[in-house]
Amino acid sequence: MMVSENIFQELDFFAVSFALGILLVLIYDCLRIFRRLVRHGTMWISLEDLLYWIFTAFVIFAMLYQKNDGLIRGFSIGGIVFGMVLYNQYISRYTVKYIARILKKVIRLVQKICRFVLTPFLKAGRKVANKGSILAGKGRKFKKYLNKRLKRTGKLIKIGISKK
C-alpha cells in the first residue's frame, strides 16, 4: 500500500508543530528558572510573560508561514498544544526544579570563590581605611595646632607693630 506524498507533508507539518510546542515550553522553562534565581515583583513577571507571548505568536506565525503558506490548520495548532502539554506534564517540572537547583549551587560556589580571592584585598582595604582615619584625625589635630600658632604669631605681630 502506497502512502501519498501529501500525507508525509502533513505528518512533517504535524511533527514540526509538535516540536515547536515543546520548544516554546522549554523557552518558558528558561524564564521560570531565571525567576527562581532572581526574585522580582509582579510587574516584571507580567512584562516578561507579555514579551514571551508576543515572541511565541511571532514564532508560531513564522512556522505557519514557512510550512503551510500562513494557513492556520486545526491539527497544527493541536500539534503545538499537544507538544506543550506533553512536555509541561512530564518533563518541565523536573527541568525547572533541578536546573534551578544546580545553577543556585554553581552561583554559591562562584560567590565563595570570589569571597576567598577577594578577602585579602578587603582586609588590606580596611587596614588602609583605618590608617587613613587615624591620619585624618592627626591631620585635624595638626591643623588646629597650626591655626593656634598662626593666631598667636598674628597677635604678636600686631602687638609689635602697635608698640612702635
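Each residue takes its place number in the sequence, starting with 1.
- The residues Arg35 and Asp49 are annotated as salt-bridged, a charged nitrogen and a carboxylate oxygen being separated by less than 4.0 angstrom.
- The shortest side-chain heavy-atom distance between Phe34 and His40 falls under the 4.5 Å cut-off.
- A donor-acceptor contact shorter than 3.5 Å links the side chain of Tyr52 to the backbone of Leu24.
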Next on the checklist: Under the criterion side chain to side chain contact (heavy atoms under 4.5 Å, CB included), I'd like the reasoning laid out for Leu37 against Ile107: C-alpha separation, chi angles, the key distance, then a yes or no.
Outcome noted: CA-CA 9 Å; Leu37 297 176; Ile107 289 170; 4.3 Å; yes

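- With values rounded to the nearest 0.5 angstrom, Arg108 atom CZ is found 10.5 Å from Arg115 atom CZ.
- Taking hydrophobic clusters as Ile, Leu, Val, Met, Phe, Trp and Tyr residues chained together by side-chain heavy-atom distances below 4.5 Å, Leu20 does not share a cluster with Phe61.
- We find the CD1-CH2 distance between Ile60 and Trp53 to be 7.5 Å, quoted to the nearest 0.5 Å.
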Checklist entry - Passes side chain to side chain contact (heavy atoms under 4.5 Å, CB included), Gln9 versus Lys67? Steps please. => result CA-CA 9 Å; Gln9 287 177 346; Lys67 286 289 189 183; over 6 Å; no

Checklist entry - Where do Phe8 and Asp12 land on the side chain to side chain contact (heavy atoms under 4.5 Å, CB included) test, with the steps shown first? => result CA-CA 6 Å; Phe8 282 118; Asp12 177 56; over 6 Å; no

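- The two residues Thr95 and Ile33 have their closest heavy-atom pair at O-CD1, 4.2 Å.
- Cluster membership for Phe82 and Phe75, using ILVMFWY side-chain heavy atoms within less than 4.5 angstrom, is shared.
- Side-chain contact check for Tyr28 and Asn88: no donor-acceptor pair (N or O, by modelled atom type) lies under 3.5 Å.
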Next on the checklist: Let's go through Tyr87 and Asp29 carefully: what are the C-alpha distance in whole Å and the side-chain angles of both, what is the deciding distance for side chain to side chain contact (heavy atoms under 4.5 Å, CB included) to 0.1 Å, and is it a yes or a no?
Outcome noted: CA-CA 10 Å; Tyr87 178 84; Asp29 280 349; 3.0 Å; yes

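- For the atom pair Tyr98 OH and Arg93 CZ, the distance stands at 11.0 Å (nearest 0.5 Å).
- Side-chain heavy atoms closer than 4.5 Å link hydrophobic residues (I, L, V, M, F, W, Y) into clusters, and following such links, possibly through other members, connects Ile77 to Phe55.
- Met84 and Leu51 are not part of a single hydrophobic cluster, where members link through side-chain heavy atoms under 4.5 Å apart.
- Atom CD1 of Ile45 and atom CG of Leu50 lie 14.0 Å apart (nearest 0.5 Å).
- Other residues, nucleotides and ligands contribute more than 12 heavy atoms inside 6.0 Å of the CD atom of Gln111.
- Glu48 contributes atom CD, which lies 5.0 Å from atom CG of Leu31 (distance to the nearest 0.5 angstrom).
- Within 6.0 Å of OH on Tyr65 lie no more than 12 heavy atoms contributed by other residues, nucleotides or ligands.
- Counting only heavy atoms from C-beta outward, the side chains of Arg101 and Arg36 never approach each other to under 4.5 Å.
- A side-chain donor-acceptor contact under 3.5 Å links Arg32 and Ser92.
- Ile27 and Ile80 fall within the same hydrophobic cluster, where Ile, Leu, Val, Met, Phe, Trp and Tyr residues are linked whenever their side-chain heavy atoms come under 4.5 Å apart, directly or through other members.
- Residues Leu64 and Ser76 share a closest heavy-atom pair of CD2-OG, 3.6 Å.
- Within 6.0 Å of CZ on Phe13 lie more than 12 heavy atoms contributed by other residues, nucleotides or ligands.
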